[in-house]
Every structure is written in structure tokens, then in C-alpha cells.
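Computed from a predicted structure; not experimentally measured. Letters A, B, ... are given to chains in the order of the sequence lines, protein chains preceding strands, and every chain is numbered from 1.
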Amino acid sequence: MTLRLVTWNINSIRVRLDHLARVVQEINPHVLCLQETKVTDGLFPRAEVEALGFSHQHIYGIKGYNGVAILSRLPLTEPARHDWCGRQDGRHVSAYLEGGGGKRLEIHSLYIPAGGDVPDPEANPKFAHKLEFLKQTMAWFRKHGRNSGPMILGGDLNVAPLKTDVWSHKQLLGVVTHTPVEVAHLARLQDSASWTDAVRSFIPPEERLYSWWSYRARDWRKNNRGRRLDHIWVNEPLRGSLAGAQVMTSARDWKRPSDHVPVVVDLKL
DNA sequence: ATGGTCGCTTGGCGA
């Protein structure tokens, strides 16, 4: 079988249920990793999501902001919540996907802190939190990755690592999401479990690629000042299974869009 | 250079 996984910062699942339905209709994934669901678990639209075919739901929401989920057509087992930096803030969940080609895949949905405006951990506690979050997740994956089987991670990692992941490398070197210290931290996270950047294994690094465009631009398409903040990574056991990748840019043009678009990867299992 | 827009916890915060 070919397993299709989407990661998407949906920026409120309640506001964008119709968009979720459209993603399901047009892309037909087996698994969705969502970020910024922005809803407590009691108010999560479980029935509506189940009606779309996703009866297996592992959710971790808090009031007002953040919130992550793994939604699946196939069974999910051993659902886990991961908390970092001493906060219970709905940024990381994992579960095992059962039955994909007889394999058992470990899935992670991750929402790394945005980091505020000033890229200085001394002056800006949000930036300090972002760097510390990256350190704690990399330490965990370094240990955990040693004896894990096939793993796939989808998330809003809030870092655009490559020059071609931003509209202007030069102009964004001092802007949070593209500073050298964040890129170095993300590289260490990527190294922690020998992750492969699944999307960039199909869309070459020379090619500009974005997954987020600010709401504040008057015309996002015309300015095209995007950044690639949303990523899908696979570990070594899945590297040979990679079968395709795409970024659903069209979703940014829908009515009342998220500022992020869905990112899709196919795995031949 | 500043402010521009969303969604949430109704109003300031986080992005």
C-alpha cells in the first residue's frame, strides 16, 4: 500500500472544518498531523472528524492556543503526550499506526514554539523557550531513536532551514525562524534520530519552497514572501519507502484560509 | 520605519 500523510497547521480546527473536508477530498490521506487546533479536548469536533473517515483520533488541546492532533483512518495505539520545558501546553503527541502495509509506524505531531520577535534568548523569553524546546526534543529523540522502529514526524517546526526555504535569505538572517542559531538547533534535532527531510528529497534544495505566508501581506501570492516552516521527516527505516511529496499551495487561496498550507508525503509500504 | 491580519480567552496575547 501507499500510505499518505499530511501535516498541517490548521490555525483553529473549529473555524476550518470545511477546509479539512476539502483537504481530505482532494488529497485523501490516511493520516493527518495537525497543529494549532486551538481547542480543548472536550470541545474537539470528534464526530465531524470521524464523519470524514478519521475515527482514530489522538488529540492534545489546551484552551485558546497551541493544540496538536493525529487523525487516522487506521488504528492508533499507545497514544502519548510529550511535555517539554515544564509546560503542559499541547505541542507534541505520538502514537503507533497499525496496519499500514503490515508495518507498525511511530507517528509524531509536533508544534515547536514560534519564538517571538527578537532573536535573542537574553532579551526575549519566547526565543529562549524555543531554543530550550529544540534542545529537549533533540535529547529525547537521541535516546528514543536508538531502539525505535520506523518513525515519521510531521510538524510546524517554525524554522526554515534552507536559503530557498525563505523569500530572502539575506533579509531574513536576523528574523526569527531563519536565524543561524535556530537553523543549527534544528539541524541537531534532525540529526538526533537521523531524520531525513522527506519533502526535500523530492523537491530539490535549489528550488524555492514555502508552506506559510503571513496574513498581513495584502496579496500573499503577488508578494510571495513565504517561508517553509512545516516539515515531514522520516527516520532511516523509512527512507527507502519514500514515494512522493507535495505542498498544497492552493489551500492558501481558499476563503478564510490558514496561514499555513498542508504538506503531503507518500510512503510505499 | 511602521503596521499590516487572524483566532482565541472579548480584549490583550500569541502568531
**Item:** side-chain hydrogen bond (donor to acceptor under 3.5 Å, both in side chains) assessment of A:Gln35 paired with A:Thr7
**Value:** CA-CA 8 Å; A:Gln35 302 84 37; A:Thr7 190; 3.1 Å; yes

**Distance, C1' atom - from B:dC6 to B:dG11, rounded to whole angstrom** = 14 Å

**Request:** Map A:Arg256 and A:Tyr111 onto DNA chain B by nearest heavy atom, then report which one ends up closer to the 5' terminus.
**Result:** A:Arg256

**Request:** Starting from A:Trp212, walk the hydrophobic network (Ile, Leu, Val, Met, Phe, Trp, Tyr; side-chain heavy atoms closer than 4.5 Å) and list everyone else you reach, by chain and number.
**Result:** A:Leu229

**Request:** Supply the atom-to-atom distance A:His260 NE2 to A:Leu34 CG, rounded to the nearest 0.5 angstrom.
**Result:** 12.5 Å

**Request:** Could you work out the separation of B:dA1 and B:dA15 based on their P atoms and round it to a whole Å?
**Result:** 26 Å

**Fill in**
Given the options A:Trp84, A:Trp233, A:Trp195, A:Phe141 meets ring-ring contact (aromatic ring centres under 6.0 Å, His included) only with A:Trp195

**Request:** Let me know the distance between CZ of A:Phe44 and P of B:dC8, rounded to the nearest Å.
**Result:** 13 Å

**Request:** Could you check how far CG of A:Asn124 sits from C1' of B:dA15, rounded to whole Å?
**Result:** 13 Å

**Nearest-angstrom distance, P atom, B:dG4 to B:dT9** = 24 Å

**Prompt:** Please give, in whole Å, the distance from B:dA15 P to A:Lys130 NZ?
**Reply:** 10 Å

**Request:** Take atom CD of A:Gln35 and atom C1' of B:dG14, then tell me their distance rounded to the nearest Å.
**Result:** 16 Å

**Request:** Identify whether any heavy atom of A:Arg91 sits under 4.0 Å from a base atom; if not, whether one sits that close to sugar-phosphate; answer base, sugar-phosphate or nothing.
**Result:** sugar-phosphate

**Prompt:** Quick one: A:Asp259 CG to B:dC8 P, roughly how many Å, whole number?
**Reply:** 13 Å

**Between B:dC8 (C1') and A:Asn9 (CG): distance, integer Å** = 14 Å

**Asked** Considering only the P atoms, how many Å lie between B:dT10 and B:dG14, rounded to the nearest integer?
**Response** 15 Å

Can you name the atoms? Protein N/O to nucleotides 9-13 of chain B N/O, anything below 3.5 Å, with the distance.
residue	atom	partner	partner atom	Å
B:dT9	OP1	A:Gly64	N	3.2

**Message:** With nearest nucleotide decided by heavy atoms, which residue, A:Thr37 or A:Arg218, maps closer to the 5′ end of DNA chain B?
**Reply:** A:Arg218

